[in-house]
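Data first, discussion second: the structure below is written as structure tokens.
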Amino acid sequence: MTVKNVLDSATTVGVIGAGAWGTALANVAARTGRSVALWARRAEQVAELTNLRENRRYLADIRLADTVAPTADLARAADNDLVLLVVPAQSLRSVAAELRVHVRGGATLISCAKGIERDTLMLPTQVLAEEIPEGRPAVLSGPSFASDVASGLPTAVTVAASSLEHARCIGAALASATFRIYHSDDVAGVEIGGAAKNVMAIAAGIAAGRGLGASAGAALVARSFAELRRLGKAFGARPETLMGLSGLGDLILTAGSPQSRNFALGHAIGSGLPLPDVLAEGAFTARGLLALAAQHNVDMPIASAVEAVLSGRASPDHAVELLLDRPLRAEN
Ligand SMILES: NC(=O)c1ccc[n+]([C@@H]2O[C@H](COP(=O)([O-])OP(=O)(O)OC[C@H]3O[C@@H](n4cnc5c(N)ncnc54)[C@H](O)[C@@H]3O)[C@@H](O)[C@H]2O)c1
Ligand SMILES: O=P(O)(O)OC[C@H](O)CO
């Protein structure tokens, strides 16, 4: 498919994964007047989506747009010009491997996951390129809670692809009045921002759960951003990407809101409450993030503290002590 096709009004859209974000993005695509196939892996979920026109488990109280067709048939959702992959980062490879036989040559494959594959330390678009070499990978990321987006509240995200023109066309095809899409060719920068902010949001949640106060919270966000920026730089990410929607923007949203599942996980850990049964991608990303940082000789003390707490090697209080005990240094 040429880039021009992506802009065509006849462009068709498939969404793989009917969790909160997949359901919200299916509605977003439907707003552009397109028919959308939404794939869920469980037949019961497809039946519920079809009959109730609502995703009660993952995105309650939001009506599924009339032009969204739920399906359990992977081929039906994969055989489209634009395919959005909206499953957890650690499941992306297995889903992509199943998808490959059904995907059109040259189809645009948009990763909407935020994370790093634990076993390989690969970013989602790298996983897609490896599993579906016939496709054209891209990433969609930025500050965007599924419920806000699905409710039609104003949101801005970034789509990145190796060709800026490709990213622009994707943005033009999926944007609507309240869903603003910026485009970029800094794929690694956008993906690193999305992956790292989840780990940092857990740190912010832990600090809030320990009652460390608003000043500590602000310091943590600023120093978390310094870590994110250092790692991004090592990957050749552009500063404007890291200071943009998928870096600083998403860090501010996620580290500052109890609505975030990553923040909520940290808060529960910090306050000693039962852990919420939700997908918190940062918990699966922390170790990989640190491994990537070590490979690039980048210091990430906050991410390291989060990983130590998650793996049970440090209590929240001990992790805070370790951060406060670090030698004083120049701010960079
Ligand atoms: N929810 C949001 O607000 C939001 C916003 C932006 C990005 N994201 C990202 O989108 C990704 C998905 O998050 P979500 O919020 O939709 O999660 P979710 O927990 O709401 O849903 C996850 C979905 O993936 C499916 N799934 C899990 N493992 C699977 C597998 N092996 N094969 C097939 N399907 C599988 C589940 O059945 C479920 O439908 C994450 O990487 C998340 O960081 C979420
Ligand atoms: O609920 P979280 O922490 O997974 O965050 C959702 C989105 O990534 C926010 O941009």
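Each ligand, and each atom within it, is numbered from 1 in the order the structure gives. Computed from a predicted structure; not experimentally measured.
- Among all heavy-atom pairs drawn from A204 and A255, the shortest one is CB-O, 3.4 Å.
- The shortest N/O to N/O separation between A146 and ligand 1 falls below 3.5 Å.
- The A113 neighbourhood of ligand 1 comprises atoms 41 (O), with distances under 4.0 Å to a heavy atom of that residue.
- By the 3.5 Å distance cut-off applied to N or O atoms, G17 is not counted among the residues near ligand 1.
- Considering backbone and side-chain atoms together, A89 places no N or O closer than 3.5 Å to any N or O of ligand 1.
- Applying the ring-ring contact (aromatic ring centres under 6.0 Å, His included) rule to F235 yields the partners H296; only residues at least two apart in sequence or on another chain are considered.
- Ligand 2 has an N or O atom lying under 3.5 Å from an N or O atom of R261, backbone or side chain.
- Under a 4.0 Å criterion applied to the non-hydrogen atoms of V95, ligand 1 contributes the atoms 32 (N), 33 (C).
- Heavy atoms of G142 come nearer than 4.0 angstrom to ligand 2 in at least one pair.
- Considering backbone and side-chain atoms together, W39 places no N or O closer than 3.5 Å to any N or O of ligand 1.
- Residue-ligand proximity: K114 is placed with a non-hydrogen atom under 4.0 Å from ligand 2.
- Polar contact with ligand 1: absent for S94 (N/O pair, distance under 3.5 Å).
- The single protein non-hydrogen atom nearest to atom 5 (C) of ligand 1 is S144 O, 3.1 Å, given as residue, atom name and distance.
- Of the options Y58, F145, W21, the smallest heavy-atom separation from atom 6 (C) of ligand 1 is shown by W21.
- Of the candidates L84, L279, N262, L279 brings a heavy atom nearest to atom 12 (C) of ligand 1.
- Which parts of ligand 2 touch D250 is read off a 4.0 Å heavy-atom cut-off, strictly below it: atoms 9 (C), 10 (O).
- Within the 4.0 Å heavy-atom shell around ligand 2 one finds P143.
- Remark: among candidates R261, Q45, K114, E281, the nearest residue to atom 44 (C) of ligand 1 is R261, based on non-hydrogen atoms.
- Close contacts between ligand 1 and A18 involve ligand atoms 39 (O) [criterion: under 4.0 Å to a heavy atom].
- Remark: minimum distance from atom 30 (C) of ligand 1 to any protein heavy atom is reached at R41 NH1, 3.4 Å.
- For ligand 1, the atoms sitting less than 4.0 Å from at least one non-hydrogen atom of S91 are 28 (N), 29 (C), 30 (C), 31 (N), numbered in the order shown with element in parentheses.
- Here's the thing with S260: one of its N/O atoms is less than 3.5 angstrom from an N/O atom of ligand 2.
- Of the N or O atoms in N198, none lie within a sub-3.5 Å distance of an N or O in ligand 1.
- Against a heavy-atom cut-off of under 4.0 Å, L253 is close to the following atoms of ligand 2: 9 (C), 10 (O).
- Within the 4.0 Å heavy-atom criterion, the part of C112 lying near ligand 1 is the backbone and not the side chain.
- Summarising the contacts of atom 11 (C) of ligand 1 with V87, I16, D148, D277, the nearest heavy atom is found in V87.
- Between S141 and K114 the shortest heavy-atom distance is OG-CE, 3.5 Å.
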